[in-house]
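Here the structure is laid out as structure tokens; the discussion comes afterwards.
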Amino acid sequence: MVTPVEAARARGRRRVSPPLYLGIAILAVIVGLAVFAPLVTPYNPITLHPAQALLPPSAHHLLGTDELGRDVWTRLLYGARIDLEVGFLAVLFPFVLGTAIGLIAGYFGGWIDAIVMRAVDVVLAFPFFVLVIALVFILGPGTKSIYIAMTATDWVSYTWIIRGEVLGAKRHEYILAARTLGYPRLRIMSRHLMPNVITQAIVYSMSDIVFTILTIVTLGYLGLGIPPPTAEWGSMIADGQQFITTHWQLVAFPGIAVVITGIGLSLLGDGLADLLRVD
Amino acid sequence: MTDSARETGLPPALSRRSFLRRTAAGGFALSTAGSLASVLAACSGSTSPSSSSGKHTGGDLVFARIADPQTIDPSAAIDTESIWTCLLMYECLYTVTSNGHGTKPWLATGYELSSDQRTWTFHLRPDINFSDGSPLTSQDVKFTLERSMKGPNAYILSAVDGIDTPAADTVVVHTTHPWGPLLGDISMYSNAVLPNNLRGEKDAAFFQNPIGTGPFTLKSWTKGQSLVLTKNPHYWQPGKPHLDTVTFMTVPDSNTRVLQLRGGQADIIEAPPFSSVSNLQATSGIKVDLFPSTAVFFVQMNEKRPQFADMHVRRAISYAIDRNSIVKDVLFGHGQPGASIFSPAWPFYDASTPKLWYDPATAKQELAMSSYPKGFTTTYAVVAGDTVNGSIAQIIQANLKAIGITMNIQSYDPSTLNDLQVKADYDMTPAEATLDIGDPDEDVPAMITLKYGGIDSSYTWYNNAEMLKLTKDAELTVSPTARNSIYAKIQDMAAEQCPLVVLYYAPYAYAQQQTVNGFFVPPTGNYHLEDVTLS
């Protein structure tokens, strides 16, 4: 049984592991390049230069140009802004919503819990990608649709995790003590329960961002993501696909960017799990 | 106007086929449904259908196409794969000439037109048998035309008043008015001859094992994968077909088709990407053909939006668009900028149609004359995943920005975009028109006149009484020279008023092994594989 005192003591023994540093380093480079994109590259990611279409990689254009004469390296950097921002926000909304629902379901139990868990079952019964694609199809492409679709489908993961944690935590003495003292339920849930059950969800959210970025790239590839001419890795891959036999770099580099970002976030998630794990 | 159209017996609707192809705006460079299907197939880890590997021994031609036919019933066909497959199994009395500008006798030897120009007497070739060995008679033709008049392409025969069969080799077609397009209408794929009463079978049973006069008959059809045709032993053209079988593979992904051609798994592939054409041309053992086509690519603008009801706005848009850039960057030079709503492969094409082409200064002047001198914000709708129209949209977006029009690009799935067009709930969208017959009347009424059919001037709701009158005149006139001058006026007026902003004309691209001989595609897009040999 872990009391707050023990938990506080345990905090001192948390481990900082190499994957954490590596993950942070990779993401710092990517985020840095994305944020300082205008300083890193002289080109505009949107302006068309038909005369310079499909140039091979060179000193002027590190990764060459696409079919409309835009610098691929530039579009990759500006694409990172979109994919990372949308990836982060599209996890944040279900994270908050799912955590709140999970807290309520776990804390109150009974018929509230039964209703919530049946709703979770219903969402989980559908294959995730099919559900997201169907929702975005209905809502129309764009960031708003991505946020709505991700929130509507992904909250169940957080509810599932948080509810399980709450079921265990709510029987602990510090919660019983808080109830005996007559604290309002909202305060017990937010101040006493949540800090003790949130770590699992945070660790999960790291791998969830990877998954969400992959989802955004997939939607972009299907033409359901961010509308053109905005640079985005998925649509860059989709647009480059027709040139795969003649200009491989149009598809390969956005693909590599997705992989590196995924590795960075996965390492960060691993590191965080080590860091937050209670011995 | 619906009523007057009914009175004069004018076509009630554009073929559903053209309607569908408008929505599948990817054209032949990328079939959207196909690409989505291939993406989903890739996601689920399945692979493209296995084709008969290695060498094409004997006479089997392996032909990789974008999509599977929807049907092999010619009267019900609306998609190109169905139409082009049907025309290998069933044939019409007349067919389109190889330059696309007219018709030539096929199952018929000729016709006589009565002095009131309302009775057409066709004489059938005497030597024609169906694939089951039974002879073709006028009863079969009468049955076919009457059946076609109940199908989705019925509009093409709307001028037909009755069909008589005075002799086994004579068919008489009566029309309500003198009707210029009749020979073209007779050559429409939906009028390809089927045996009388389908030999007493129900549709479903008949088309399991169909009978026609064409060079090939159906051997097997694995839906979504392949369709195999086999030689018709009773074919009427002596010595043809040369091939024993034709295997159509369904390969939606263009890169896969190219790889199959390079790997020798396919003899002919449909629509290699224009970006790969020069590369393929340089590959030994492979040849690429770009056949002139009737395909016209244009932008339609919803005139129920006040901006686009303003002719100066439409003219400004036409002057603003850099068609050379589209042809060079998106088609890799394999097309030509367009001005007329007719492609050069259409009969009655007028090369002197005014060209409202790239000229930003004039575009700004036109916009200044409009009710929107400072420009406006609008949305260009494309089909999700259609990279060709996506790239074109971005060029148009940059062009319009230069004259002060802010254009957002929005992608939709094909059926949603189609609904938006039907409901007039869109601003601008790309579209395509093609001809299946050697006569412009298949498309013109629905393209640029209102209430002439289900699609109201290509969903633009452009409404011009003079245009409607000219269109009707062109139908009610039989003399080709007189029709030529009417169609020239129609093209001029359409170019000046820009109900549709014509972008470009693009050819039908096919890549083949050097071992394939005699493969030819007329501008209507169908192919006579009875002439093809393998060496």
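Naming: A, B, ... by sequence-line order, numbering from 1 per chain. The basis for the numbers below is simple: all heavy atoms, side chains too, and nothing from hydrogens, waters or symmetry mates.
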| Between CD1 on residue A/I244 and CG on residue B/D253, distance to nearest 0.5 Å | 8.5 Å
| Out of B/S391, B/G390, B/S276, B/S278, which one racks up the most heavy-atom pairs below 4.5 Å with chain A? | B/S391
| message | If you compare all heavy atoms of B/Q397 against all heavy atoms of A/P228, which two are closest, and at what distance to 0.1 Å? | response | NE2-O, 4.4 Å
| query | Given a strict heavy-atom distance threshold of 4.5 Å, which part of A/I138 is in contact with chain B: side chain, backbone, both, or neither? | reply | neither
| note | For B/N255 and A/Q241, the nearest pair of non-hydrogen atoms, with its separation, is ND2-O, 2.7 Å
| Do you know the tightest heavy-atom contact between A/E67 and B/D329? | O-CB, 3.9 Å
| message | Heavy-atom pairs under 4.5 Å with chain B - which of A/G225, A/G142, A/P229, A/P227 has more of them than the others? | response | A/P229
| task | Any chance you could measure A/T245, atom OG1, to B/R262, atom CZ, to the nearest 0.5 Å? | result | 6.0 Å
| task | Can you see which heavy atom on A/A238 is nearest to which on B/T387, and at what distance? | result | O-CG2, 3.6 Å
| field | Separation between OG1 of A/T47 and NZ of B/K401, rounded to the nearest 0.5 Å | value | 6.5 Å
| Distance, nearest 0.5 Å, that separates CG of B/N399 from CG of A/L48 | 8.0 Å
| task | Verify, without hydrogens or angle tests, whether B/S275 (side chain) and A/T246 (backbone) share a donor-acceptor contact under 3.5 angstrom. | result | no
